[in-house]
Amino acid sequence: MKRTWIACLAVFAICGMMLPARADEGPLENTQPKNATVDEIIQHFAAKEKEFKTARDQYTYHQTVRVQTVDGDTVDGEFREDFDVTFDNQGRKTKTVTFAPQSTLQRISMSQEDFDDIENRLPFVLTSDEITEYQIVYAGQQQEDELHCYVFDIAPKQIVGKKRYFQGRIWVDDHDFQIVKTYGKTVPDINVKKKRGNENLFPKFTTWREQVDGSYWFPTFTKADDTLHFTGQDVRIKEVVKYEDYKRFGAKSRITFDGKEVPKTDGKEQPQKPQ
């Protein structure tokens, strides 16, 4: 979220963020895994996350985004957008906005990094292609509802160029070896002094996943309630992102005439539109 002031770039320690208490969490147990090494678990869940990332690209879904600024107990500004993520007749992913009232945000504005984070980093995925970019520290084991999880604290080893990263904590189910919950924030915060000093700060958030189609754990709910410390003013942010109505897409269409399949002119099968 942007505000036009000048501030220093925030620096975060890998375990420096307080985790929100939740009634359905068990105590964090500082015990080592019994049937595998920590490195084996990391390699295992990173490979499963790569599978999940590929699988999620085959699903359509509906997403709602609500960002509010809060003054005391009063909401004094709101950004809202609802949209469907589907596929066109060439199999390319498309975003169709279904509801987008005029934003009433005044003390902040939504930046391109905010929209990019909503799409790519709130539903955080840590695959085998990306683990070398992160410092991954085993924190213990913890019960999350009915799931028994391995817990890891992660942070980027270094910030490369304009690339953005996740920093915080992840919970990995010890059965499916997939991330089922994340808590943290996107980094780095941005302060471009040479461009008249727009501060671009980002709240801490929690994302929960649920199992879809009995195989993969998909992000379904993200919540943030944090105070951004801009130069000259603190702004409390509330953010809720919901992912709903996942439907698998990827069936191949067939055109038939008189009981025989008709070849397509371009020689390629086109994905069938979802019902």
With a 3.5 Å cut-off and no angle check, do the side chains of [X] and [Y] form a donor-acceptor pair?
X: E113; Y: N200; result: yes
X: D213; Y: Y59; result: yes
X: D153; Y: Q135; result: no
X: D82; Y: T64; result: no

Please check: side-chain N/O of [X] versus main-chain N/O of [Y], any donor-acceptor pairing under 3.5 Å?
X: K238; Y: D225; answer: no
X: D88; Y: Q90; answer: yes
X: H62; Y: V85; answer: no
X: R107; Y: V70; answer: yes
X: E130; Y: T127; answer: yes
X: D226; Y: K204; answer: yes
X: Y138; Y: N30; answer: no
X: E199; Y: T231; answer: yes

Going through the checks in order, is the side chain to side chain contact (heavy atoms under 4.5 Å, CB included) test met by F205 and L122?
CA-CA 8 Å; F205 63 88; L122 300 192; 3.4 Å; yes
Could you list the residues that satisfy side chain to side chain donor-acceptor pair (under 3.5 Å) with R164, not counting sequence neighbours?
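Per chain and number, R164 pairs via side chain to side chain donor-acceptor pair (under 3.5 Å) with D117, T186.
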K163: which residues meet the side chain to side chain donor-acceptor pair (under 3.5 Å) condition with it, sequence neighbours left out?
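Counting only residues at least two positions away or on another chain, K163 forms a side chain to side chain donor-acceptor pair (under 3.5 Å) with E133.
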Ring pair (Phe, Tyr, Trp, His ring centres under 6.0 Å) for F79 and F115? Distances and angles first, verdict last.
CA-CA 12 Å; F79 168 86; F115 293 116; 5.6 Å; yes
Side-chain touch [X]/[Y], heavy atoms, less than 4.5 angstrom:
X: C149; Y: Q141; answer: no
X: I136; Y: I131; answer: yes
X: E144; Y: K181; answer: yes
X: I170; Y: V151; answer: no

Where do I179 and F52 land on the side chain to side chain contact (heavy atoms under 4.5 Å, CB included) test, with the steps shown first?
CA-CA 10 Å; I179 296 173; F52 155 71; over 6 Å; no
For R236 and T69: C-alpha separation, side-chain torsions, deciding distance, then whether side chain to side chain contact (heavy atoms under 4.5 Å, CB included) applies.
CA-CA 6 Å; R236 183 184 174 192; T69 54; over 6 Å; no
Just checking, K242 and F221: is the charged tip under 6.0 Å from the six-membered ring centre and within 45° of the axis?
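Cation-pi check for K242 and F221: fails.
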Would you give the length of the straight line joining atom OG of S215 to atom CD of Q178, rounded to the nearest 0.5 angstrom?
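Rounded to the nearest 0.5 Å, the OG-CD separation comes to 8.5 Å.
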For the CE atom of M110 and the CD atom of Q112, what is their distance to the nearest 0.5 Å?
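Atom-to-atom, M110:CE and Q112:CD are 10.0 Å apart.
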Between F45 and F152, how do the two ring planes meet: parallel, tilted or perpendicular, split at 30° and 60°?
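Rings of F45 and F152: tilted, 30 to 60°.
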Test R66 against E78 for side chain to side chain contact (heavy atoms under 4.5 Å, CB included), laying out the working first.
CA-CA 7 Å; R66 186 193 302 268; E78 180 178 271; 3.0 Å; yes
Mind listing the closest non-hydrogen atom pair of K48 and F177 along with its distance?
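Here K48 and F177 meet closest at CB-O, 3.2 Å.
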